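As C-alpha cells, the structure follows; a few thoughts come after it.
Every value quoted in this text rests on a predicted model; they were computed, and no experiment measured them.
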Amino acid sequence: MSTDTMIQEKPCYSYGFEPSTANKTGDWRFLTPEKSSRLSPCRQDCLLDGEIPLWMEAVKQEKWEEAWQIVSRYNPFPAITGYVCYHPCTSNCNRGQLDQDIAIEEVEKAIGEWRLNNIKAVQRPIKYKGKIGIVGSGPAGLSCAYYLNAAGYSVTVYEKTSLIGGMLTLGIPEYRLPRYVLNRELYMLEESGIHFIKDCPIGDKKDLCELYEEYDNIFLATGAWKPRRAYIPGEEDRRVYNALDFLSAINSGGQLEISDPVVVIGGGNAAIDSARSALRLKGVNHVSLVYRRSRAEMPANQEEVEAAEREGVELIFNALPREVEKEEQDIIGLMFDYCKTDLNGLSIDRSRSFSKSCGTVVMALGQQADLSVFCEFGRDVPFFAGGDLITGPSTVPEAIKAGRIAAYGIVADLEGLPVPQVMLPEQPVVSFEDLNLATKLNIKMQHKECTPELEASRCLGCGTCNACGTCYIFCPDMAIDVINGRFELNLDYCKGCGICVKECPAQALVLEGGR
Amino acid sequence: MRIDELKIDSEMLYSGHNACPGCGAALAVRYLTKALGPNLAIVLTASCWSIISGMPPLTALKCPILHCPFPSAGSVGSGVKRGLNAAGHDDTTVVVLAGDGGTFDIGLQAMSGAAQRNEDYIFVCYDNEAYMNTGMQTSSATPFGARTATAPYPLFKAGQKKDIMQIMAAHGIPYAATATVAFPDDMESKLKKAQAIKGFRFIHILSPCPPGWGTESSDTIHLSRLAVSTGFFPLYEIENGVTWKMTHYQGEKKTPLKEYLSAQRRFKQMDRQRMEMLQHEVDHEWDCLMEKVATSPSE
Ligand SMILES: Cc1cc2nc3c(=O)[nH]c(=O)nc-3n(C[C@H](O)[C@H](O)[C@H](O)COP(=O)(O)OP(=O)(O)OC[C@H]3O[C@@H](n4cnc5c(N)ncnc54)[C@H](O)[C@@H]3O)c2cc1C
Ligand SMILES: Cc1ncc(C[n+]2csc(CCOP(=O)(O)OP(=O)(O)O)c2C)c(N)n1
Ligand code: SF4
Ligand code: SF4
Ligand code: SF4
Ligand SMILES: [Mg+2]
C-alpha cells in the first residue's frame with residue numbers, strides 16, 4: 001500500500017483525510033497585512049519618474065514584454081535613455097550601500113533593445129477625432145507624439161530641418177548614441193502612423209495660427225538652439241563655429257572647413273561633445289578645451305569629462321577668450337585672460353593673459369530658447385509647450401517627461417476630462433535602514449559575468465513588492481498565494497501574525513488594524 | 001528568487017491548520033514535509049502538532065500522520081518503518097515528529113533504544129523549549145532563567161538546557177543536525193542529506209513559540225535568526241557521532257545574548273547576574289563546539 005492509497009482508503013481515523021483548508025483561520029485575525037507602495041530612491045531621482053523597481057522585477061523574471069509595458073508607461077524610448085541619460089537614478093541606489101549600485105541604465109537599455117528587436121511596429125488605429133499638431137521632433141515632441149498616437153489620436157509632427165530627432169540626431173554624437181538604435185526608434189514611430197513633415201520651420205514656411213486652424217490642439221517643443229555669443233573680436237570668422245552648428249554638420253554628414261589645432265570654448269556637455277567629435281575628424285591632431293572657471297565648477301557630466309581626457313583632449317581652466325588672432329585670412333590663435341570665480345562673480349586678470357595657437361574655434365557657450373515662434377500667437381489661444389523650449393537646455397529624459405505630461409494634458413483638454421495627476425506625489429523615500437536585509441536568502445550577491453537579468457535580480461525593490469518571495473517562504477499559514485507570478489495575500493487563512501510584514505526585505509507591506 | 005525556484009507544487013502543508021499566529025513549529029513542519037515529501041509517513045506524539053494537524057476528518061498535511069502515545073514515539077517509528085518495509089514500501093520516508101517534551105523528557109528512553117538499534121527513520125524534534133500544548137510547563141529543554149507555568153515569577157528555570165545533541169552523538173548515529181526556521185535553505189539541505197542516509201537520523205529544530213516565549217508573533221523569524229547569531233543555537237551537523245561541522249558560521253563575533261533574551265517576556269525578570277551566567281554558558285558551549293569541529297576527523 002503506498003501512502004497515497006493509505007490516504008484514500010477511508011475510514012482511517014488516526015489522521016484526517018480532508019484538507020484543513022475547510023477551516024477558515026482568517027477569522028482569527030485582528031491585524032491585516034497590506035501591500036503598500038513606497039517611493040524608492042531611484043524613482044525619486046529618475047528624471048522621468050520611471051517605475052524602476054517594478055520593471056527590474058519583470059526583467060529578473062525574464063518577462064521582457066511585461067518589462068517593456070511597464071517602462072513605456074513613463075518612457076517610450078528606453079534604448080535611447082539607456083545610452084544617453086546621465087542616470088542620476090543610480091546615485092542614491094540603496095544597493096550601493098551593500099556592494100555596488102544597480103546599473104539601472106544598462107537594464108533599461110536592454111529592455112529598449114529587446115523591444116526594438118522583438119516588437120514589430122504596427123499602424124495604430126485612430127480611435128478619436130481630435131487632431132494634434134506638434135512643432136519640433138526632439139525627444140519632447142516625439143514622446144508627446146508617441147503617447148497621443150498610442151491613445152488613438154491623429155498626430156502630425158512639423159520639423160524645421162530635414163532630419164527627425166532634434167538634439168538626438170543633430171546634437172548627440174554617434175559614439176554615444178549608436179544610430180542603428182536611434183534610427184530604429186524613429187522608424188517605429190513613423191510606422192505606427194505618426195505623420196512627419198520635414199523641412200517645415202513653423203513661423204517661416206507655415207505660421208502657428210495656420211496650424212491652429214488645422215489642429216484641435218498644439219504642442220510646441222522647438223528646443224533651445226539659439227547660441228550665446230562671446231562678443232569678442234574675430235568671432236564672426238567662418239572657422240569660428242558655434243557648437244550646435246559644428247555638431248549638426250558632423251552628425252548630418254555636412255561639410256566643415258577645419259584646420260588643426262582645434263580649440264573648444266566652454267565647460268558643458270556640448271563643449272565636451274564638440275571636443276571629442278573634433279578629435280575624431282580627419283586631419284585633426286590636437287584638441288584643447290578651455291573653460292573660464294575651475295574643473296570643479298564644470299557643468300558637464302564628470303564621466304564625459306574623464307572620457308574626453310582619456311581620449312587626449314587637453315583641458316585648460318580659468319581662462320576667458322579675449323580675441324581671435326588672425327594673420328591674413330587665417331586664424332592663427334586665440335588670446336585668453338586669466339580669470340576665476342570669487343565673491344564678485346568672475347574676476348578677470350588681464351595681466352596674466354596668454355595666447356594659444358589654433359586653426360579652428362568651436363564656441364560652446366550655451367544655448368537659449370528662441371521664443372520668436374510665440375510672437376505671432378494671440379494671447380488667449382490655449383496651447384501646450386515643453387522640453388528645452390520651456391526649461392532651457394536640460395536633458396533628454398526631462399524632455400520625454402514633458403512630452404508625456406503634455407500628451408495627458410491634451411487628452412484631458414480634448415475630451416473635457418479633469419487634468420490627471422501627472423507629478424509623483426510627495427512621500428518619504430525608503431532608506432537603506434528601512435530595508436530588512438537580514439534574510440540573505442533573497443539577496444543575490446555581485447555577479448561576475450553580468451547579464452541584465454542577473455543585474456536586475458540584485459535590485460532590492462525598495463518599497464515595492466518585487467516578487468522576491470520572502471513573504472511566501474516565511475508564512476506559517478500558507479496564506480500567500482501565487483497568482484500570475486505575483487504574490488497575493490489570502491485573507492481566508494491569514495492569521496495576521498505579521499511575519500511577512502516584518503521580513504519583507506523591500507518593506508512593501510504594512511500591518512493595518514482590524515480585518 | 002524566481003518564482004519557479006520556490007517549488008510551490010511541493011508544498012505539503014495546507015492552510016487552515018490550528019497553530020497560533022506566527023508559530024515556528026508550523027513553519028518547521030512545512031519546510032520538513034516539503035523537503036522530504038511526497039512519499040512520507042509521519043508518526044506524531046502528543047504535542048502542539050497533534051492540534052495543529054487538525055481534528056479528523058480534517059488534516060493539515062498531504063501525508064499520513066499516525067498519532068501515538070506520548071512516550072512511545074521512538075518505538076512506534078521503528079514499527080511503522082519495519083511494517084512498511086515488510087509490505088514492500090521501502091521507499092517511504094518515515095519521520096517521527098515530537099516536541100521537546102516528547103524528545104528530551106518523556107520520549108528519551110524509546111528514542112535512545114531506537115537510536116542504539118539504528119532504526120531506519122528520521123527523528124525530528126521541534127523544540128519550543130517547554131510543554132506548550134498543555135500550558136507552557138518547564139521541560140528539560142527550557143533554557144536557564146526562563147519563566148514557565150511551573151516556574152512562575154519570582155521562580156525561573158534553574159538548571160541548564162539538556163544537551164540533546166551530545167546525547168545523540170554519543171549514540172554514534174549516522175547523522176544528526178540542528179536547524180531553525182529563519183534558515184529554510186540550511187534546513188532543507190540537512191533534511192535532504194538525512195533522507196539519503198540509511199539508519200537513525202536526528203534533526204533538532206528550534207521553533208520559536210510566540211505565546212510560550214512571550215514574543216510578538218511577527219518576531220518568529222527575527223528571533224530564530226538571533227538564536228543563531230548569538231551562538232545560543234548554532235547550526236551544525238554531526239556525522240557518525242564523531243565528525244562535527246558548522247553549516248552556518250557567522251564568524252567569531254557573536255551578537256550579545258541580551259538582544260535575544262530581551263525580546264522575550266519569559267526572560268523579562270532576568271537580572272544582570274543571571275544574564276551574564278547564561279552568556280557565559282553560551283560562550284563556553286560555543287568554544288566546546290568549535291573545539292569539536294576543529295578536532296573532528298574528516299570522513
Ligand atoms: C551636444 C549636446 C549633447 C547632449 N547630450 C545629452 C545627453 O547625453 N543626455 C541628455 O539627457 N541630454 C543631452 N543633451 C540635452 C538634450 O539633447 C536636450 O535637453 C533635449 O534634446 C531637449 O529636447 P527637446 O525635444 O525639448 O528639444 P530638441 O531636441 O532641441 O528638439 C527640438 C526640435 O525642434 C526643431 N525646431 C526648432 N524650431 C522649429 C520650428 N520653428 N519649426 C519646426 N521645428 C523646429 C528643431 O530642429 C529640433 O529638431 C545634449 C544637448 C546637446 C546640445
Ligand atoms: C502520557 C501523557 N502525558 C501527558 C500528556 C499531555 N500532553 C499532551 S501534549 C503535552 C505537551 C507536549 O510538550 P512537547 O512535547 O514539548 O510539545 P509541544 O506541545 O510543546 O509542542 C502534554 C504534556 C499526554 N498526552 N500523554
Ligand atoms: S536597489 Fe533597486 S529599487 Fe532600490 S534604489 Fe537600487 S535600483 Fe532602486
Ligand atoms: S505571514 Fe502569513 S499568516 Fe502571517 S500575516 Fe503574513 S500572510 Fe498572514
Ligand atoms: S503554543 Fe507555540 S508551538 Fe504551540 S501552536 Fe502555539 S505557537 Fe505553535
Ligand atoms: Mg515543547
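- There is a side-chain donor-acceptor pair under 3.5 Å between Asn75(A) and Thr81(A).
- Note: Ser431(A) OG to Gln507(A) CD = 9.5 Å, rounded to the nearest 0.5 Å.
- Residue with the most contacts toward chain A among Ser218(B), Pro210(B), Gly54(B), Gly24(B): Ser218(B) (heavy-atom pairs, distance under 4.5 Å).
- Using a cutoff of 4.0 Å between basic side-chain nitrogens and carboxylate oxygens, Arg486(A) and Glu57(A) are scored as salt-bridged.
- Val181(B) touches chain A through its backbone: at least one of N, CA, C or O sits under 4.5 Å from a heavy atom, while the side chain does not.
- No donor-acceptor pair under 3.5 Å is formed between the side chain of Arg43(A) and the backbone N or O of Pro53(A).
- With a 4.5 Å cut-off on non-hydrogen atoms, Glu11(B) touches chain A through its side chain but not through its backbone.
- Within the 4.5 angstrom heavy-atom criterion, atoms from both the backbone and the side chain of Asn18(B) approach chain A.
- For chain A, the nearby parts of Ser15(B) are the backbone and the side chain; heavy atoms of each come within less than 4.5 Å.
- Side-chain contact annotation: Ser47(B) with Asn133(B), donor-acceptor N/O pair under 3.5 Å absent.
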